Amino acid sequence: MGRQKSLVNNVIFNFAKTLSSLIFPVITFAYCSRILGADGIGKANFAKSVISYFTMVAMLGMNYYGTREAAKVRDDREKLSHFAQEMLVINGCSTVVAYLAFVVSLFLVKKFQDYTLLLLVNSASIVLMGLGMEWLYQAVEEYRYIALRSMLFQVVALVIMFITVRDADDVVSYAFVTMLASSGSYVLNFINSRKYIDFRKHGKWHFRGHLKPIFWLFAMAVSIELYTVLDSTMLGFIKDDTAVGIYTAAVKINKIVNSLITSLGVVLIPRLSYYVGSGEETKMKELIKKAYQYVFLFSVPACLGLFMLSDEIVLLFSGSGFESAGFTMRLLTPIVLVIPFSVVTNQQTFVPMGKEKLIIISTCTGAIVNLTLNSILIPRYAENGAAIATVVAESAVAVVCYINARRTLGIREIFSGYYQYWIAAIPILVIGGILEQVQMNYVLRMVLVMGISATAYFGILYLFKNAYFIEALKIVKEKIFNQCNDKCV
């Protein structure tokens, strides 16, 4: 392989991109929830959840497959171009099928007729995601470009939001803003792709060899979608828009925190694919062990912190009308522990290794559990029922992932030193419990709990001489030192 990009830099840029993706929905939701209310937010998110199924069909398993296979030929422009052309043709066909299915559903599903304009606005993402070739930029490890491009479109979307979302009737404007922020940059991806590939045809296209692994990954995507988006869709059908809005407020921050934690490992997919292709098993296993440990390092304190501050977080980011979401959010906090573990195992480890069947076993388990429990619990407990179903389904996925990881990877020390993170996190419960009894502004309470708890948590890990925390600390120090030196020169 040519000059390898720094894995640390890749992590930093991907984390920055995810952080901007955290800040954007926090600002938009905090602003729009106060204007649109639970009902308006519920309408927008129900429409978005519906479109996600058609987007899934359009993309097949392209993001996972494209990243993995393109990473293997990224040093050969001709081979990479040939592969990219084949992917675009397949993606183009699946996008046409998906959009036709969407148009037909608008006429056949009576429920959709009340959301026609919202669905049409969100449907732009069906076309844009296929056009964007995000897998290409991940394969060549262009995380700096991905981060800067995403931030640009989020800033543009924010400006449009403040101009257009002014009263409770501006639900369509809110839907457009969220669609633009998540999918608008894919147009730029397509234009910029000539830097890495040619669109001039190189030899005969061969599609047959791609179809089997793509459909395996599509089956994986379907099962993941069923237990990650199904809750909002079923709430919309069984209950109402307000229930969807309350649930959205409850799950929003949990999902953002999950994205932040798992972003640390997304950059491993092309590098692990390269190690698998070159037979460097020792390096591969060492990288996987690090991924697990960094997930544990951040997921344990995040889970306990969100549990202690659920009411304050909902009040800060959602405002009045969403008070009941605090309890729902507290029910959902265990997913911050289990989802990152499942993501590292399935998407960041088994995908590069070509172990799609193992992924489908775990994700289908989650889909079946989620569908069953949603059907039983949502009619009686609404958003709280959906929360319980989600936690149980995600836990079931994590258990199957653990069994598969032990058998397949042969890594026996997955949870080595895990107890250290839990001991170090105990002050979060103590500090949160004490400050909960003190009369003070809720924002000040949040700041104090997070600040004191973080100091105690990392201080205890330092006393434990936790190898992964020490390594992370060393990397941060080196980055700061290097930047200081650069400015002094």
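Model, not experiment: these values are computed from the prediction.
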- [ ] Return the orientation label for the F83 and H210 ring planes: parallel under 30°, perpendicular over 60°, tilted otherwise.
- [x] perpendicular

Do side-chain atoms of [X] reach the backbone of [Y] as a donor and acceptor pair under 3.5 angstrom?
| X | Y | answer |
| --- | --- | --- |
| S183 | L180 | no |
| N122 | L118 | yes |
| D241 | D39 | no |
| K239 | P379 | yes |
| Y137 | S193 | yes |
| S453 | M450 | no |
| S33 | S318 | yes |
| R34 | A30 | yes |
| Y115 | A44 | no |

Just by distance, with hydrogens left out, do [X] and [Y] show a side-chain donor and acceptor under 3.5 Å apart?
| X | Y | result |
| --- | --- | --- |
| S125 | Y186 | no |
| N346 | S362 | yes |
| S232 | N45 | no |

Is the shortest distance from a Lys or Arg side-chain nitrogen in R208 or E86 to a carboxylate oxygen in the other one below 4.0 Å? no

Hits for side-chain hydrogen bond (donor to acceptor under 3.5 Å, both in side chains) against T328, two or more places apart or cross-chain, chain-then-number order -> N384

Contacts table for residues 46-61: side-chain donor-acceptor under 3.5 angstrom, sequence neighbours left out:
from, atom 1, to, atom 2, distance (Å)
S49, OG, F46, O, 2.7
S49, OG, T233, OG1, 3.1
S52, OG, S49, O, 2.5
S52, OG, E225, OE2, 2.8
Y53, OH, T233, OG1, 3.0
T55, OG1, I51, O, 3.1

Requested in this report: Determine whether the aromatic ring centres of Y418 and F296 lie less than 6.0 Å apart.
Outcome: yes

Decide side-chain contact (heavy atoms from CB on, under 4.5 Å) for V344 and Y294; before the verdict, give the C-alpha distance in whole Å, the side-chain angles of both, and the deciding distance to 0.1 Å. CA-CA 10 Å; V344 169; Y294 283 122; over 6 Å; no

- Query: Is the number of heavy atoms from other residues, nucleotides or ligands within 6.0 Å of NZ (K255) greater than 12?
  - Reply: yes

Point to revise | Derivation and outcome, salt bridge (charged side-chain N to carboxylate O under 4.0 Å, His left out), residues D311 and R330 | key: CA-CA 8 Å; D311 292 330; R330 191 167 285 113; 3.5 Å; yes

In this structure, CE of M234 is separated from CG of L373 (nearest 0.5 Å) by 10.0 Å

